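As C-alpha coordinates, the structure follows; a few thoughts come after it.
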Protein chains: 2
Amino acid sequence: MKAMAPHAVLLVDDDLDVLGANSRFLRAHDIDVLVADSAEAAFHRLAEHPIDVIVTDLRMPKCSGLEFAAQVRESRPLIPVVFFSGYAQLSDVVAAMKLGAVEFLEKPVEPDELLQVLHRLRQSYQGMLASPRQAFEGLHQGYSLKMRVLAYEKYLIESCLIEHEGNIAAVLDSLQINRRTLNDKMIRLGISRTALISREDE
Amino acid sequence: MKAMAPHAVLLVDDDLDVLGANSRFLRAHDIDVLVADSAEAAFHRLAEHPIDVIVTDLRMPKCSGLEFAAQVRESRPLIPVVFFSGYAQLSDVVAAMKLGAVEFLEKPVEPDELLQVLHRLRQSYQGMLASPRQAFEGLHQGYSLKMRVLAYEKYLIESCLIEHEGNIAAVLDSLQINRRTLNDKMIRLGISRTALISREDE
DNA sequence: CACCGGTAGGCAATTTTTTGCCTATTTCAT
DNA sequence: ATGAAATAGGCAAAAAATTGCCTACCGGTG
(Lines give C-alpha, C1' and ligand atoms only; values in the text may rest on other atoms or scores of the structure.)
Protein backbone atom coordinates (compact mmCIF):
# COMPACT_ATOMS: atom_id res chain seq x y z
CA MET A 1 0.00 0.00 0.00
CA LYS A 2 1.44 3.35 -0.97
CA ALA A 3 0.94 6.42 1.15
CA MET A 4 -2.01 7.89 -0.68
CA ALA A 5 -2.29 10.58 1.91
CA PRO A 6 0.43 12.26 3.86
CA HIS A 7 0.74 10.58 7.20
CA ALA A 8 2.71 12.90 9.35
CA VAL A 9 3.31 12.11 12.95
CA LEU A 10 4.30 14.63 15.56
CA LEU A 11 6.41 13.00 18.24
CA VAL A 12 6.58 14.91 21.51
CA ASP A 13 8.96 13.94 24.30
CA ASP A 14 11.38 15.86 26.44
CA ASP A 15 13.85 12.99 26.35
CA LEU A 16 15.96 13.63 23.28
CA ASP A 17 17.32 10.11 23.17
CA VAL A 18 13.89 8.57 23.05
CA LEU A 19 12.85 11.14 20.52
CA GLY A 20 15.79 10.36 18.27
CA ALA A 21 15.46 6.62 18.50
CA ASN A 22 11.75 6.53 17.83
CA SER A 23 11.81 9.01 15.03
CA ARG A 24 14.61 7.12 13.28
CA PHE A 25 12.68 3.92 13.63
CA LEU A 26 9.49 5.40 12.24
CA ARG A 27 11.25 7.14 9.39
CA ALA A 28 12.86 3.85 8.48
CA HIS A 29 9.34 2.56 8.10
CA ASP A 30 8.18 5.24 5.73
CA ILE A 31 6.44 7.48 8.17
CA ASP A 32 6.90 11.23 8.13
CA VAL A 33 7.98 12.26 11.58
CA LEU A 34 8.25 15.69 13.11
CA VAL A 35 9.66 15.98 16.58
CA ALA A 36 9.26 18.39 19.45
CA ASP A 37 10.89 18.31 22.84
CA SER A 38 8.33 20.53 24.52
CA ALA A 39 4.74 21.58 24.25
CA GLU A 40 5.77 24.96 22.87
CA ALA A 41 7.84 23.39 20.15
CA ALA A 42 4.97 21.06 19.38
CA PHE A 43 2.61 23.99 18.89
CA HIS A 44 5.03 25.52 16.44
CA ARG A 45 5.19 22.32 14.44
CA LEU A 46 1.42 22.10 14.48
CA ALA A 47 1.05 25.62 13.25
CA GLU A 48 3.50 25.18 10.42
CA HIS A 49 2.91 21.67 9.19
CA PRO A 50 -0.04 19.49 8.39
CA ILE A 51 0.04 16.90 11.14
CA ASP A 52 -2.12 13.82 11.18
CA VAL A 53 -1.31 12.18 14.48
CA ILE A 54 0.27 13.30 17.72
CA VAL A 55 2.27 10.93 19.89
CA THR A 56 3.18 12.50 23.19
CA ASP A 57 4.73 11.70 26.51
CA LEU A 58 2.36 12.22 29.39
CA ARG A 59 4.96 13.63 31.74
CA MET A 60 6.85 16.61 30.55
CA PRO A 61 8.36 19.54 32.38
CA LYS A 62 6.25 22.71 32.33
CA CYS A 63 3.27 21.48 30.37
CA SER A 64 2.03 17.94 30.90
CA GLY A 65 0.86 15.84 28.01
CA LEU A 66 -2.69 16.20 29.24
CA GLU A 67 -2.60 19.97 29.25
CA PHE A 68 -0.89 19.94 25.92
CA ALA A 69 -3.53 17.67 24.41
CA ALA A 70 -6.32 19.73 25.91
CA GLN A 71 -4.90 22.83 24.28
CA VAL A 72 -4.44 21.11 20.97
CA ARG A 73 -8.08 20.11 21.08
CA GLU A 74 -9.01 23.77 20.94
CA SER A 75 -7.74 24.14 17.45
CA ARG A 76 -7.73 20.55 16.24
CA PRO A 77 -10.60 18.87 18.02
CA LEU A 78 -10.39 15.71 16.04
CA ILE A 79 -6.72 14.99 15.75
CA PRO A 80 -5.86 11.57 17.13
CA VAL A 81 -3.49 11.65 20.09
CA VAL A 82 -1.48 8.70 21.38
CA PHE A 83 -0.09 9.01 24.89
CA PHE A 84 2.70 7.10 26.49
CA SER A 85 4.04 7.18 29.99
CA GLY A 86 6.23 5.17 32.25
CA TYR A 87 4.48 5.52 35.53
CA ALA A 88 0.96 6.58 34.75
CA GLN A 89 -1.62 6.85 37.47
CA LEU A 90 -4.88 5.21 36.76
CA SER A 91 -6.52 8.61 36.93
CA ASP A 92 -4.14 9.94 34.30
CA VAL A 93 -5.08 7.20 31.93
CA VAL A 94 -8.76 7.80 32.52
CA ALA A 95 -8.32 11.52 32.01
CA ALA A 96 -6.35 10.98 28.84
CA MET A 97 -8.94 8.64 27.41
CA LYS A 98 -11.71 11.04 28.26
CA LEU A 99 -9.77 13.71 26.48
CA GLY A 100 -9.90 11.52 23.45
CA ALA A 101 -6.68 9.56 23.47
CA VAL A 102 -6.79 6.83 20.91
CA GLU A 103 -4.14 4.79 22.65
CA PHE A 104 -2.13 4.82 25.78
CA LEU A 105 1.20 3.03 25.67
CA GLU A 106 3.62 2.14 28.38
CA LYS A 107 7.06 3.63 28.36
CA PRO A 108 9.51 2.55 27.20
CA VAL A 109 7.54 2.38 24.01
CA GLU A 110 8.08 -0.70 21.92
CA PRO A 111 8.83 0.75 18.49
CA ASP A 112 6.97 -2.07 16.85
CA GLU A 113 3.93 -1.48 18.95
CA LEU A 114 3.93 2.19 18.10
CA LEU A 115 4.28 1.40 14.44
CA GLN A 116 1.37 -0.96 14.66
CA VAL A 117 -0.78 1.65 16.35
CA LEU A 118 0.10 4.18 13.67
CA HIS A 119 -0.72 1.74 10.94
CA ARG A 120 -4.06 1.04 12.49
CA LEU A 121 -4.76 4.74 12.70
CA ARG A 122 -3.73 5.28 9.14
CA GLN A 123 -6.19 2.65 8.11
CA SER A 124 -9.13 3.90 10.04
CA TYR A 125 -8.50 7.52 9.29
CA GLN A 126 -7.88 7.27 5.62
CA GLY A 127 -11.34 8.45 4.90
CA MET A 128 -10.73 11.72 6.55
CA LEU A 129 -7.09 12.13 5.78
CA ALA A 130 -7.90 13.36 2.36
CA SER A 131 -10.63 15.91 2.31
CA PRO A 132 -13.26 15.12 4.89
CA ARG A 133 -11.08 15.75 7.86
CA GLN A 134 -10.18 19.25 6.85
CA ALA A 135 -13.77 19.85 6.01
CA PHE A 136 -14.48 18.57 9.41
CA GLU A 137 -12.08 20.49 11.48
CA GLY A 138 -12.76 23.62 9.53
CA LEU A 139 -16.42 22.99 10.07
CA HIS A 140 -16.03 23.12 13.75
CA GLN A 141 -17.43 26.47 14.43
CA GLY A 142 -19.84 28.68 12.65
CA TYR A 143 -21.50 25.93 10.67
CA SER A 144 -24.97 24.69 11.17
CA LEU A 145 -25.69 21.59 13.15
CA LYS A 146 -27.01 19.95 10.03
CA MET A 147 -23.78 20.60 8.12
CA ARG A 148 -21.63 19.20 10.85
CA VAL A 149 -23.74 16.14 11.31
CA LEU A 150 -23.73 15.50 7.58
CA ALA A 151 -19.97 15.89 7.46
CA TYR A 152 -19.68 13.33 10.19
CA GLU A 153 -22.02 10.96 8.48
CA LYS A 154 -20.01 11.29 5.32
CA TYR A 155 -16.86 10.52 7.17
CA LEU A 156 -18.40 7.44 8.78
CA ILE A 157 -19.61 6.06 5.51
CA GLU A 158 -16.34 6.73 3.78
CA SER A 159 -14.28 5.05 6.44
CA CYS A 160 -16.57 2.10 6.49
CA LEU A 161 -16.35 1.77 2.74
CA ILE A 162 -12.59 1.88 2.87
CA GLU A 163 -12.43 -0.53 5.73
CA HIS A 164 -14.46 -3.03 3.77
CA GLU A 165 -12.63 -2.34 0.56
CA GLY A 166 -15.70 -1.12 -1.19
CA ASN A 167 -17.74 -4.18 -0.43
CA ILE A 168 -21.21 -2.73 -0.22
CA ALA A 169 -22.83 -5.75 1.34
CA ALA A 170 -20.35 -5.65 4.20
CA VAL A 171 -20.91 -1.94 4.69
CA LEU A 172 -24.66 -2.44 4.81
CA ASP A 173 -24.21 -5.03 7.48
CA SER A 174 -21.70 -3.06 9.48
CA LEU A 175 -23.68 0.16 9.37
CA GLN A 176 -27.00 -1.63 9.72
CA ILE A 177 -28.59 0.37 7.02
CA ASN A 178 -30.89 -0.24 4.12
CA ARG A 179 -29.17 -0.66 0.79
CA ARG A 180 -31.42 1.85 -0.90
CA THR A 181 -30.81 4.36 1.85
CA LEU A 182 -27.06 3.98 1.66
CA ASN A 183 -27.08 4.59 -2.07
CA ASP A 184 -29.15 7.70 -1.61
CA LYS A 185 -26.94 9.00 1.14
CA MET A 186 -23.85 8.44 -0.92
CA ILE A 187 -25.32 10.48 -3.72
CA ARG A 188 -26.46 13.23 -1.39
CA LEU A 189 -23.10 13.37 0.38
CA GLY A 190 -21.06 13.06 -2.76
CA ILE A 191 -19.36 9.80 -1.92
CA SER A 192 -17.95 7.82 -4.77
CA ARG A 193 -17.37 4.18 -4.03
CA THR A 194 -15.19 3.61 -7.04
CA ALA A 195 -13.02 6.62 -6.28
CA LEU A 196 -12.50 5.46 -2.73
CA ILE A 197 -11.51 1.95 -3.54
CA SER A 198 -9.31 2.83 -6.46
CA ARG A 199 -7.50 5.25 -4.20
CA GLU A 200 -7.02 2.36 -1.84
CA ASP A 201 -4.93 0.07 -3.97
CA GLU A 202 -2.65 2.59 -5.51
CA MET B 1 -36.81 18.96 41.98
CA LYS B 2 -36.65 15.30 42.87
CA ALA B 3 -35.06 12.77 40.58
CA MET B 4 -37.25 13.29 37.54
CA ALA B 5 -35.83 10.20 35.94
CA PRO B 6 -35.52 6.91 37.70
CA HIS B 7 -31.92 6.34 38.53
CA ALA B 8 -31.36 2.67 39.01
CA VAL B 9 -27.86 1.37 39.38
CA LEU B 10 -26.80 -2.17 38.71
CA LEU B 11 -23.87 -3.11 40.90
CA VAL B 12 -21.86 -6.09 39.70
CA ASP B 13 -19.18 -7.72 41.82
CA ASP B 14 -18.39 -11.28 42.73
CA ASP B 15 -17.38 -10.23 46.24
CA LEU B 16 -20.57 -10.36 48.26
CA ASP B 17 -19.17 -8.26 51.08
CA VAL B 18 -18.27 -5.42 48.78
CA LEU B 19 -21.59 -5.77 47.07
CA GLY B 20 -23.49 -5.57 50.33
CA ALA B 21 -21.56 -2.66 51.72
CA ASN B 22 -21.77 -0.55 48.60
CA SER B 23 -25.39 -1.24 47.94
CA ARG B 24 -26.33 -0.33 51.51
CA PHE B 25 -24.39 2.87 51.24
CA LEU B 26 -26.00 3.85 47.97
CA ARG B 27 -29.49 2.94 49.13
CA ALA B 28 -28.94 5.09 52.19
CA HIS B 29 -28.37 7.91 49.72
CA ASP B 30 -31.59 7.46 47.84
CA ILE B 31 -30.28 5.49 44.94
CA ASP B 32 -32.06 2.45 43.64
CA VAL B 33 -29.59 -0.37 43.60
CA LEU B 34 -29.81 -3.76 42.04
CA VAL B 35 -27.01 -6.20 42.64
CA ALA B 36 -25.53 -9.12 40.76
CA ASP B 37 -22.65 -11.33 41.72
CA SER B 38 -21.93 -12.54 38.21
CA ALA B 39 -22.32 -11.52 34.62
CA GLU B 40 -25.18 -13.97 34.18
CA ALA B 41 -27.07 -12.57 37.13
CA ALA B 42 -26.42 -9.10 35.78
CA PHE B 43 -27.97 -9.98 32.46
CA HIS B 44 -31.05 -11.21 34.23
CA ARG B 45 -31.39 -7.97 36.13
CA LEU B 46 -30.91 -6.02 32.92
CA ALA B 47 -33.58 -7.99 31.17
CA GLU B 48 -36.08 -7.56 33.94
CA HIS B 49 -35.52 -4.06 35.22
CA PRO B 50 -34.96 -0.65 33.75
CA ILE B 51 -31.35 0.10 34.58
CA ASP B 52 -29.70 3.45 34.10
CA VAL B 53 -26.11 2.85 35.06
CA ILE B 54 -23.90 -0.18 35.45
CA VAL B 55 -21.08 -0.29 37.98
CA THR B 56 -18.98 -3.38 37.57
CA ASP B 57 -15.82 -4.98 38.83
CA LEU B 58 -13.29 -5.54 36.10
CA ARG B 59 -12.10 -8.88 37.39
CA MET B 60 -14.67 -11.53 37.84
CA PRO B 61 -14.53 -15.28 37.53
CA LYS B 62 -15.82 -16.67 34.25
CA CYS B 63 -16.74 -13.46 32.48
CA SER B 64 -14.56 -10.39 32.96
CA GLY B 65 -16.05 -6.98 33.33
CA LEU B 66 -14.80 -6.10 29.88
CA GLU B 67 -16.52 -9.00 28.21
CA PHE B 68 -19.60 -8.30 30.22
CA ALA B 69 -19.66 -4.67 29.19
CA ALA B 70 -19.02 -5.55 25.59
CA GLN B 71 -22.00 -7.85 25.62
CA VAL B 72 -24.18 -5.31 27.32
CA ARG B 73 -23.32 -2.85 24.58
CA GLU B 74 -25.06 -5.10 22.12
CA SER B 75 -28.42 -4.44 23.62
CA ARG B 76 -27.84 -1.16 25.42
CA PRO B 77 -25.29 0.75 23.40
CA LEU B 78 -25.68 3.97 25.32
CA ILE B 79 -25.81 2.80 28.90
CA PRO B 80 -23.04 4.34 30.98
CA VAL B 81 -20.69 1.82 32.58
CA VAL B 82 -18.40 2.54 35.50
CA PHE B 83 -15.58 0.08 36.09
CA PHE B 84 -13.54 -0.49 39.18
CA SER B 85 -10.62 -2.76 39.82
CA GLY B 86 -7.91 -3.27 42.33
CA TYR B 87 -5.00 -4.19 40.18
CA ALA B 88 -5.85 -3.00 36.73
CA GLN B 89 -3.34 -3.20 33.93
CA LEU B 90 -2.91 -0.10 31.92
CA SER B 91 -4.18 -1.99 28.92
CA ASP B 92 -7.35 -2.90 30.78
CA VAL B 93 -8.07 0.68 31.56
CA VAL B 94 -7.48 1.67 27.96
CA ALA B 95 -9.71 -1.12 26.73
CA ALA B 96 -12.43 -0.20 29.17
CA MET B 97 -12.35 3.44 28.17
CA LYS B 98 -12.43 2.54 24.52
CA LEU B 99 -15.45 0.44 25.27
CA GLY B 100 -17.08 3.57 26.53
CA ALA B 101 -16.48 3.45 30.26
CA VAL B 102 -17.48 6.74 31.82
CA GLU B 103 -15.24 6.23 34.81
CA PHE B 104 -12.66 3.85 36.10
CA LEU B 105 -12.28 3.67 39.86
CA GLU B 106 -9.68 2.02 41.98
CA LYS B 107 -10.72 -0.74 44.31
CA PRO B 108 -11.48 -0.56 47.12
CA VAL B 109 -14.04 1.90 45.92
CA GLU B 110 -14.53 4.94 48.07
CA PRO B 111 -18.28 4.99 48.58
CA ASP B 112 -18.28 8.76 48.49
CA GLU B 113 -16.42 8.82 45.25
CA LEU B 114 -18.84 6.39 43.68
CA LEU B 115 -21.76 8.42 44.89
CA GLN B 116 -20.25 11.51 43.39
CA VAL B 117 -19.75 9.79 40.07
CA LEU B 118 -23.34 8.63 40.08
CA HIS B 119 -24.58 12.08 40.89
CA ARG B 120 -22.64 13.54 38.07
CA LEU B 121 -24.11 10.98 35.74
CA ARG B 122 -27.61 11.53 37.00
CA GLN B 123 -27.34 15.22 36.56
CA SER B 124 -25.99 15.48 33.14
CA TYR B 125 -24.62 13.00 30.76
CA GLN B 126 -26.97 10.14 30.95
CA GLY B 127 -25.38 9.11 27.73
CA MET B 128 -21.83 8.26 27.07
CA LEU B 129 -20.61 11.36 25.40
CA ALA B 130 -17.79 12.65 27.46
CA SER B 131 -15.39 13.40 24.66
CA PRO B 132 -15.56 14.45 21.06
CA ARG B 133 -13.51 11.50 20.07
CA GLN B 134 -15.92 9.08 21.59
CA ALA B 135 -18.68 10.68 19.69
CA PHE B 136 -16.51 10.84 16.66
CA GLU B 137 -15.31 7.33 16.58
CA GLY B 138 -18.50 5.92 17.86
CA LEU B 139 -16.18 3.69 19.85
CA HIS B 140 -16.16 0.14 18.70
CA GLN B 141 -17.64 -0.37 15.35
CA GLY B 142 -20.73 -2.42 15.33
CA TYR B 143 -23.09 0.39 16.08
CA SER B 144 -25.49 1.37 13.42
CA LEU B 145 -24.78 4.45 11.40
CA LYS B 146 -27.90 6.05 12.80
CA MET B 147 -26.80 5.42 16.36
CA ARG B 148 -23.40 6.92 15.80
CA VAL B 149 -24.71 9.95 14.01
CA LEU B 150 -27.24 10.54 16.76
CA ALA B 151 -24.54 10.22 19.39
CA TYR B 152 -22.50 12.83 17.59
CA GLU B 153 -25.45 15.14 17.23
CA LYS B 154 -26.16 14.77 20.92
CA TYR B 155 -22.61 15.64 21.72
CA LEU B 156 -22.69 18.72 19.49
CA ILE B 157 -25.88 20.02 21.03
CA GLU B 158 -24.71 19.36 24.55
CA SER B 159 -21.41 21.14 24.04
CA CYS B 160 -23.13 24.05 22.43
CA LEU B 161 -25.55 24.28 25.31
CA ILE B 162 -22.73 24.22 27.80
CA GLU B 163 -20.72 26.72 25.84
CA HIS B 164 -23.61 29.14 25.88
CA GLU B 165 -24.48 28.40 29.46
CA GLY B 166 -27.89 27.10 28.62
CA ASN B 167 -28.94 30.15 26.67
CA ILE B 168 -31.26 28.63 24.12
CA ALA B 169 -31.44 31.66 21.88
CA ALA B 170 -27.66 31.66 21.52
CA VAL B 171 -27.63 27.96 20.75
CA LEU B 172 -30.30 28.39 18.09
CA ASP B 173 -28.22 31.05 16.47
CA SER B 174 -24.96 29.15 16.71
CA LEU B 175 -26.39 25.91 15.43
CA GLN B 176 -28.63 27.63 12.90
CA ILE B 177 -31.57 25.55 13.80
CA ASN B 178 -35.25 26.07 14.34
CA ARG B 179 -36.29 26.45 17.95
CA ARG B 180 -39.01 23.87 17.61
CA THR B 181 -36.61 21.43 16.01
CA LEU B 182 -34.01 21.87 18.72
CA ASN B 183 -36.59 21.19 21.41
CA ASP B 184 -37.70 18.05 19.67
CA LYS B 185 -34.16 16.84 19.19
CA MET B 186 -33.33 17.42 22.81
CA ILE B 187 -36.27 15.32 23.85
CA ARG B 188 -35.41 12.59 21.39
CA LEU B 189 -31.76 12.55 22.42
CA GLY B 190 -32.44 12.83 26.11
CA ILE B 191 -30.73 16.15 26.65
CA SER B 192 -31.74 18.09 29.68
CA ARG B 193 -30.94 21.76 29.53
CA THR B 194 -31.43 22.35 33.21
CA ALA B 195 -29.27 19.40 34.17
CA LEU B 196 -26.49 20.63 31.91
CA ILE B 197 -26.40 24.15 33.20
CA SER B 198 -26.83 23.24 36.84
CA ARG B 199 -23.92 20.88 36.43
CA GLU B 200 -21.94 23.71 34.94
CA ASP B 201 -22.01 26.06 37.89
CA GLU B 202 -21.33 23.53 40.57
C1' DC C 1 -51.18 42.78 39.99
C1' DA C 2 -50.12 43.00 35.09
C1' DC C 3 -46.52 42.68 31.82
C1' DC C 4 -42.45 41.03 29.46
C1' DG C 5 -38.70 38.06 27.90
C1' DG C 6 -37.13 33.53 27.63
C1' DT C 7 -38.44 28.82 27.31
C1' DA C 8 -41.33 24.83 26.15
C1' DG C 9 -45.38 21.97 24.45
C1' DG C 10 -49.62 20.72 21.21
C1' DC C 11 -50.95 20.30 16.73
C1' DA C 12 -51.20 20.05 11.80
C1' DA C 13 -49.19 21.21 7.28
C1' DT C 14 -45.13 20.51 4.73
C1' DT C 15 -40.82 18.58 3.51
C1' DT C 16 -37.44 15.10 3.69
C1' DT C 17 -35.94 10.52 4.38
C1' DT C 18 -36.52 5.72 4.32
C1' DT C 19 -38.10 1.63 2.39
C1' DG C 20 -39.80 -2.02 -0.81
C1' DC C 21 -40.41 -3.56 -5.36
C1' DC C 22 -38.93 -3.91 -9.87
C1' DT C 23 -35.40 -3.44 -13.39
C1' DA C 24 -30.68 -2.47 -15.57
C1' DT C 25 -25.81 -3.01 -15.76
C1' DT C 26 -21.45 -5.09 -14.85
C1' DT C 27 -18.37 -8.78 -13.73
C1' DC C 28 -17.02 -13.29 -13.24
C1' DA C 29 -17.19 -18.13 -13.71
C1' DT C 30 -19.24 -22.10 -16.02
C1' DA D 1 -22.85 -17.54 -24.65
C1' DT D 2 -25.40 -18.14 -20.19
C1' DG D 3 -26.29 -17.66 -15.57
C1' DA D 4 -25.35 -16.03 -10.99
C1' DA D 5 -23.86 -12.43 -7.84
C1' DA D 6 -23.04 -7.68 -6.76
C1' DT D 7 -24.19 -2.95 -7.50
C1' DA D 8 -27.40 0.95 -8.86
C1' DG D 9 -31.34 3.60 -10.21
C1' DG D 10 -36.68 4.74 -10.85
C1' DC D 11 -40.66 5.22 -8.53
C1' DA D 12 -44.28 5.50 -5.12
C1' DA D 13 -45.91 4.40 -0.48
C1' DA D 14 -44.84 4.95 4.30
C1' DA D 15 -42.48 6.97 8.03
C1' DA D 16 -40.03 10.57 10.20
C1' DA D 17 -38.35 15.22 10.76
C1' DT D 18 -39.08 20.11 10.29
C1' DT D 19 -41.66 24.12 10.57
C1' DG D 20 -45.10 27.71 11.83
C1' DC D 21 -48.73 29.07 14.72
C1' DC D 22 -50.78 29.34 18.92
C1' DT D 23 -50.77 28.69 23.88
C1' DA D 24 -48.68 28.12 28.57
C1' DC D 25 -45.45 28.47 32.24
C1' DC D 26 -41.92 30.81 35.04
C1' DG D 27 -39.17 34.60 37.17
C1' DG D 28 -38.33 39.20 37.41
C1' DT D 29 -39.96 44.14 37.17
C1' DG D 30 -42.70 48.32 36.81
Side-chain angles (χ1 to χ4, degrees), chain A residues 127 132 139 142-202, chain B residues 1-5 77-78 123-127 129 135 138 142-202:
Chain A
L139 270 179
Y143 284 83
S144 70
L145 180 69
K146 187 172 267 177
M147 278 301 146
R148 294 198 236 174
V149 169
L150 284 181
Y152 178 58
E153 191 170 29
K154 176 173 180 174
Y155 155 74
L156 283 181
I157 295 177
E158 285 187 336
S159 355
C160 193
L161 263 166
I162 290 176
E163 184 187 343
H164 293 96
E165 295 165 341
N167 180 325
I168 292 289
V171 171
L172 294 181
D173 189 60
S174 160
L175 259 27
Q176 295 166 52
I177 192 178
N178 182 293
R179 198 270 308 168
R180 206 56 254 277
T181 304
L182 178 62
N183 276 145
D184 284 346
K185 277 188 187 298
M186 286 173 62
I187 292 172
R188 255 182 265 143
L189 298 172
I191 300 174
S192 155
R193 172 175 164 270
T194 48
L196 278 178
I197 57 174
S198 70
R199 179 142 49 100
E200 252 318 75
D201 48 36
E202 262 168 20
Chain B
M1 184 196 292
K2 269 288 299 298
M4 62 275 166
L78 296 175
Q123 288 200 20
S124 57
Y125 291 91
Q126 41 182 331
L129 300 179
Y143 292 84
S144 70
L145 180 69
K146 187 171 270 176
M147 198 62 89
R148 292 163 78 171
V149 168
L150 284 181
Y152 183 61
E153 190 169 32
K154 177 173 179 176
Y155 158 73
L156 284 180
I157 294 177
E158 285 185 335
S159 1
C160 194
L161 263 166
I162 290 176
E163 184 186 344
H164 293 95
E165 294 164 344
N167 179 325
I168 292 287
V171 171
L172 294 181
D173 189 60
S174 160
L175 258 28
Q176 296 168 51
I177 193 178
N178 182 293
R179 198 269 311 168
R180 207 54 254 279
T181 303
L182 178 62
N183 277 144
D184 284 345
K185 277 186 187 298
M186 285 173 62
I187 292 172
R188 256 182 266 144
L189 299 173
I191 300 173
S192 156
R193 174 176 161 269
T194 48
L196 279 178
I197 57 176
S198 70
R199 170 175 174 276
E200 259 312 86
D201 49 36
E202 261 171 18

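By convention in this document, chain letters (A, B, ...) are assigned in the order of the sequence lines, proteins followed by strands, and residues within each chain are numbered from 1. These numbers come from a predicted model, not from an experiment.
If you take CD1 of A:I168 and P of D:dA5, they are 18 Å apart, rounded to a whole angstrom. If you take CD of B:Q176 and P of D:dT19, they are 12 Å apart, rounded to a whole angstrom. Between A:N167 atom CG and D:dT7 atom P there is a gap of 5 Å when expressed in whole angstrom units. Look at CG on B:L182: it is 10 Å from P on D:dT18, rounded to the nearest Å. Rounded to whole Å, atom C1' of C:dG9 lies 13 Å from atom CE of B:M186. Spacing between atom CG of B:L189 and atom C1' of D:dA17 amounts to 12 Å, rounded to whole angstrom units. The interatomic distance linking B:L172 (CG) with C:dT7 (P) rounds to 8 Å, in whole Å. The interatomic distance linking A:D173 (CG) with D:dT7 (P) rounds to 13 Å, in whole Å.
Here the CZ-CG distance, from A:R193 to A:N167, works out to 8.0 Å after rounding to the nearest 0.5 Å. With values rounded to the nearest 0.5 angstrom, B:L182 atom CG is found 10.0 Å from B:I187 atom CD1. Atoms CG and CD1, from B:D184 and B:I177 in turn, are 9.5 Å apart once rounded to the nearest 0.5 Å. Residue B:Y155 holds its OH atom at 11.5 Å from OH of A:Y152, rounded to the nearest 0.5 Å. Note: A:M147 CE to B:Q176 CD = 8.5 Å, rounded to the nearest 0.5 Å.
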message = Using the rule given for side-chain contact (heavy atoms from CB on, under 4.5 Å), can you reason through B:M186 versus B:L161, listing the C-alpha separation, both sets of side-chain angles and the distance that settles it, and then say yes or no?
response = CA-CA 11 Å; B:M186 285 173 62; B:L161 263 166; 3.8 Å; yes

- Mind running side-chain contact (heavy atoms from CB on, under 4.5 Å) on A:L145 and B:K185 for me, showing each step along the way? CA-CA 11 Å; A:L145 180 69; B:K185 277 186 187 298; 4.1 Å; yes

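In this structure the side chain of A:L150 reaches within 4.5 angstrom of the side chain of A:K146, judged on heavy atoms. Side-chain contact between A:R148 and B:L175: present, with at least one pair of heavy atoms (C-beta onward) separated by less than 4.5 Å.
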Each nucleotide of nucleotides 18-25 of chain C classed B (base within 4.0 Å of a protein heavy atom), S (only sugar-phosphate) or -, in 5' to 3' order, makes BBB-----

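Axis orientation changes by 10° from one end of the helix from C:dC1-D:dG30 to C:dT30-D:dA1 to the other, with each end axis drawn from 5 pairs and the value rounded to 10°.
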